[in-house]
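Each remark here refers to the structure printed beneath this line.
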Amino acid sequence: MSELKKTPLNEVHRALGAKMVDFGGWDMPVQYPTGIITEHQAVRSKVGLFDVSHMGEIWVKGPQAMAFLDWLTPNAVTKLADGQIHYTAFLTEQGTFVDDLLLHKVHDNTFLLVVNASNIDKDFAWVKAHAARWDVTVTNESDHTGQVALQGPASLDVLQPLVDIDLSQIKYYWFATATFKGLPVMIARTGYTGEDGFEVYAPTEETVGVWNALMESGKAHGLIPTGLGCRNTLRLEAKMALYGHEIDDTTNALEADLGWIVKLQKGDFIGREALAKIKEQGFSRKLVGFRMLEKRDIARDHMDVVLDGKKVGYVTSGAPSTTCGFNLGCAYVPVSHAPVGSRIFIDIRGKACEAEVIPTPFYKRAK
C-alpha cells in the first residue's frame with residue numbers, strides 16, 4: 001500500500017485530536033473531538049475552519065487561455081469578468097464527467113482551475129493533453145499551494161482583522177489578492193457548505209501560520225476546526241455534487257441536474273454534440289432530492305432505489321440532516337418518478353422504505 005499524502009496541516013490536525021482517515025489517498029481529518037454534529041451546527045450558526053489543502057490548483061496561461069478553456073469546459077468562460085469565478089466541469093465527448101471544478105479568471109491570459117484532490121493527476125493530464133494545439137502553458141501548482149476554507153455567517157468577522165482589503169467588497173464567487181498579516185494570499189468568496197465564507201490560498205509553507213492566525217482571530221466568534229464529515233453533510237444539504245457520488249464518468253451533466261453549467265449556445269466544447277443530442281431526445285433518469293417518510297429510516301450512499309421490487313436507480317448520497325431535522329438524500333431515479341411529490345422506495349437492509357421526492361437544495365441560507 002502506498003503512503004498516504006499529507007497536507008501541511010497534518011500535524012496540526014493530530015495535535016487537535018482529529019480522527020484521521022484515508023480520503024482519496026490523503027490522510028485527512030474526518031472529525032475533531034467535538035464531533036460531526038457540533039461541527040455542522042458551528043458552520044451553520046457561527047463559523048468553522050476546514051483544511052482543503054488537498055485540493056488541486058492548475059494554472060492555465062497564455063494568449064489563447066480563454067479560448068482554450070471555453071472549448072475545454074461547458075460553462076461560458078468568455079462571460080467571466082476579471083476576478084470572477086464559476087462552477088464548471090471537464091466533460092468527456094459523451095457529456096459525462098472527468099471532474100467538476102471552480103474556474104477563476106485573473107484576466108484573459110491567466111486562469112486558475114481548482115479541482116478535486118483525488119483527480120489531480122487525471123485532471124492535469126486531461127488539460128495537458130488537450131492543450132497541445134493551443135498557445136497556452138499548463139502548470140500543476142498543487143504541491144506548492146495550501147488552502148483553508150473559513151465557512152459560516154461569522155467568516156467575514158474572523159478574517160477581516162487579518163487582511164488589508166475590505167472583504168465586504170468581494171461578492172459571492174469572486175476573488176481578490178490581499179496581504180494576510182504581511183503574507184501575499186488569494187482570497188475567494190466561495191465554499192462547499194452552502195454558507196457564506198472564504199477560501200484562502202497561500203504557499204504551502206505558510207499554511208500553518210494562516211490556520212493558526214484564523215483560529216486565534218476566531219476565538220471570539222466561536223470558531224472551531226471542522227472536518228470532512230461535516231463538510232459532506234453540509235454540502236449534501238446544499239445539494240452540491242460530489243465526484244464519485246452524484247457525478248462521475250458514467251453520468252452526464254443534464255441528468256445530473258447540472259444543465260445550468262452547459263451553455264450549448266456558446267459554440268463548440270468537449271461533450272457539446274452528445275449533450276445537444278441528449279437534450280433533444282431526452283434522458284431516462286434524473287438526479288433528485290428525497291426525504292425518508294419514516295424517522296427511523298436512513299438512506300445511505302449506494303443503496304438501491306426500488307419500484308415494484310426491482311432496482312430502478314441508486315442513492316448517490318444519504319444522511320440525517322442536522323439542519324432540516326429529517327433524513328434526506330439524493331438519488332438517480334427514472335424520469336417518471338422525478339417530479340416533486342413522487343414516491344420512491346429505498347432498499348434499506350432488504351426492506352423497501354418509502355421516500356418522497358422534494359425540492360432542492362434542501363437548505364438555502366438567508367441572504
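All figures in this text were calculated on a predicted structure; none of them were measured in a lab.
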For the backbone of [Y] and the side chain of [X], can you confirm whether one donor and one acceptor N or O come within less than 3.5 Å of each other?
{"X": "R235", "Y": "M240", "answer": "yes"}
{"X": "K105", "Y": "L80", "answer": "yes"}
{"X": "R272", "Y": "W71", "answer": "no"}
{"X": "H13", "Y": "A18", "answer": "no"}
{"X": "T233", "Y": "C230", "answer": "yes"}
{"X": "S45", "Y": "Q41", "answer": "yes"}
{"X": "E206", "Y": "P203", "answer": "no"}
{"X": "E246", "Y": "L242", "answer": "yes"}
{"X": "D304", "Y": "K311", "answer": "no"}
{"X": "D99", "Y": "F90", "answer": "no"}

Item to check | K5 bridged to D143 by N-O distance under 4.0 Å | outcome: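 Looking at D143 together with K5, the answer is no, because their closest N to O distance does not fall below 4.0 Å.
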Is it possible for you to say whether [X] and [Y] belong to one hydrophobic cluster, with membership spreading through side-chain heavy-atom contacts below 4.5 Å?
{"X": "V43", "Y": "Y192", "result": "yes"}
{"X": "L102", "Y": "I120", "result": "no"}
{"X": "I247", "Y": "L287", "result": "no"}

So which atom in [X] and which in [Y] form the shortest heavy-atom distance, rounded to 0.1 Å?
{"X": "G341", "Y": "E356", "answer": "CA-OE2, 3.8 Å"}
{"X": "C330", "Y": "F362", "answer": "SG-CE1, 4.0 Å"}
{"X": "T204", "Y": "P8", "answer": "O-CB, 3.6 Å"}
{"X": "D51", "Y": "M28", "answer": "O-CE, 3.5 Å"}
{"X": "W174", "Y": "D82", "answer": "CZ3-O, 3.5 Å"}
{"X": "A176", "Y": "I165", "answer": "CB-CD1, 4.1 Å"}

Checklist entry - What do the steps show when you test D27 against R14 for salt bridge (Lys or Arg N to Asp or Glu O under 4.0 Å), and what is the final call? => result CA-CA 11 Å; D27 188 37; R14 292 183 178 280; 2.6 Å; yes
Using 0.5 Å steps for rounding, measure from the [atom1] atom of [X] to the [atom2] atom of [Y].
{"X": "I270", "Y": "Q94", "atom1": "CD1", "atom2": "CD", "result": "11.0 Å"}
{"X": "L49", "Y": "L223", "atom1": "CG", "atom2": "CG", "result": "5.5 Å"}
{"X": "N252", "Y": "D249", "atom1": "CG", "atom2": "CG", "result": "12.0 Å"}
{"X": "L275", "Y": "E255", "atom1": "CG", "atom2": "CD", "result": "9.5 Å"}
{"X": "S168", "Y": "R189", "atom1": "OG", "atom2": "CZ", "result": "7.5 Å"}
{"X": "H302", "Y": "Y314", "atom1": "NE2", "atom2": "OH", "result": "9.0 Å"}

Checklist entry - Yes or no on side chain to side chain contact (heavy atoms under 4.5 Å, CB included) for T96 and D248, after CA distance, side-chain angles and deciding distance? => result CA-CA 7 Å; T96 60; D248 60 27; over 6 Å; no
Next on the checklist: Quick test of your reading: applying side-chain hydrogen bond (donor to acceptor under 3.5 Å, both in side chains), list the pairs with at least one residue in residues 120-133, sequence neighbours left out, ordered by first then second residue.
Outcome noted: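 Listed by first then second residue: K122-Y243.
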Next on the checklist: According to side-chain hydrogen bond (donor to acceptor under 3.5 Å, both in side chains), does anything in residues 332-346 pair up with another residue at least two apart or in another chain? List the pairs.
Outcome noted: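 Listed once each, the pairs are R343-E354.
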Taking side chain as C-beta onward, heavy atoms only, is [X] less than 4.5 Å from [Y]?
{"X": "M20", "Y": "P29", "value": "yes"}
{"X": "I224", "Y": "Y32", "value": "no"}
{"X": "L69", "Y": "W134", "value": "no"}
{"X": "T137", "Y": "W59", "value": "no"}
{"X": "V114", "Y": "E199", "value": "no"}
{"X": "L254", "Y": "K286", "value": "no"}
{"X": "T110", "Y": "K61", "value": "yes"}
{"X": "F68", "Y": "V127", "value": "yes"}

Tell me, yes or no, whether the heavy-atom count around [X] atom [atom1], taken from other residues, nucleotides or ligands under 6.0 Å, exceeds 12.
{"X": "Q84", "atom1": "CD", "answer": "yes"}
{"X": "L293", "atom1": "CG", "answer": "yes"}
{"X": "D308", "atom1": "CG", "answer": "no"}
{"X": "K19", "atom1": "NZ", "answer": "no"}
{"X": "E280", "atom1": "CD", "answer": "no"}

Next on the checklist: Could you walk me through whether V106 and F175 satisfy the side chain to side chain contact (heavy atoms under 4.5 Å, CB included) test, starting with their C-alpha distance in whole Å, then the side-chain angles of each, then the deciding distance to 0.1 Å, before giving a yes or no?
Outcome noted: CA-CA 9 Å; V106 179; F175 68 98; 4.1 Å; yes
Checklist entry - When you check the side-chain N and O atoms of N116 and S118, is any donor under 3.5 Å from an acceptor? => result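 Result is no, nothing qualifies.
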Next on the checklist: I need the single residue from T322, N232, T360, T323 that forms a side-chain hydrogen bond (donor to acceptor under 3.5 Å, both in side chains) with E237. Which is it?
Outcome noted: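 Result: among T322, N232, T360, T323, T323 is the only option passing the side-chain hydrogen bond (donor to acceptor under 3.5 Å, both in side chains) with E237.
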Item to check | Pair L264-F269, side chain to side chain contact (heavy atoms under 4.5 Å, CB included): steps then yes or no | outcome: CA-CA 8 Å; L264 293 174; F269 60 87; 4.0 Å; yes
Next on the checklist: Side-chain heavy atoms under 4.5 Å apart, restricted to Ile/Leu/Val/Met/Phe/Trp/Tyr: what other residues fall into the cluster of I36, or is it alone?
Outcome noted: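 Once heavy-atom contacts under 4.5 Å are chained together, I36 still belongs with nothing else.
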Item to check | Cluster companions of F290 among Ile, Leu, Val, Met, Phe, Trp, Tyr (side-chain spacing under 4.5 Å) | outcome: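 Result for F290 is V288, M292, M303, V305, V306, L307, V312, V315, V333, I344, F345, I346, I348, V357.
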Below 3.5 Å, can you tabulate the donor-acceptor pairs from side chains in residues 144-157 to any protein atom, sequence neighbours excluded?
residue : atom : partner : partner atom : Å
T145    : OG1  : E141    : O            : 2.8
Q147    : NE2  : Y201    : OH           : 3.2
Q151    : OE1  : T193    : OG1          : 2.6
Q151    : NE2  : T190    : O            : 3.0
S155    : OG   : L150    : O            : 3.3
S155    : OG   : G152    : N            : 3.1
S155    : OG   : G152    : O            : 2.7

Checklist entry - side chain to side chain contact (heavy atoms under 4.5 Å, CB included) between K266 and D70: does it pass, once the steps are laid out? => result CA-CA 9 Å; K266 76 170 184 175; D70 203 46; 3.2 Å; yes
Item to check | Y87 and its side-chain contact (heavy atoms from CB on, under 4.5 Å) partner, picked from N75, L101, L258 | outcome: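 That would be L258.
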Item to check | Results of salt bridge (charged side-chain N to carboxylate O under 4.0 Å, His left out) for E216 - residues two or more places apart only | outcome: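 By the salt bridge (charged side-chain N to carboxylate O under 4.0 Å, His left out) rule, E216 matches K219.
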Checklist entry - Is the Lys NZ or Arg CZ of R365 less than 6.0 Å from the centre of Y172's six-membered ring, within 45° of the axis? => result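 Yes, R365 lies over the aromatic ring of Y172.
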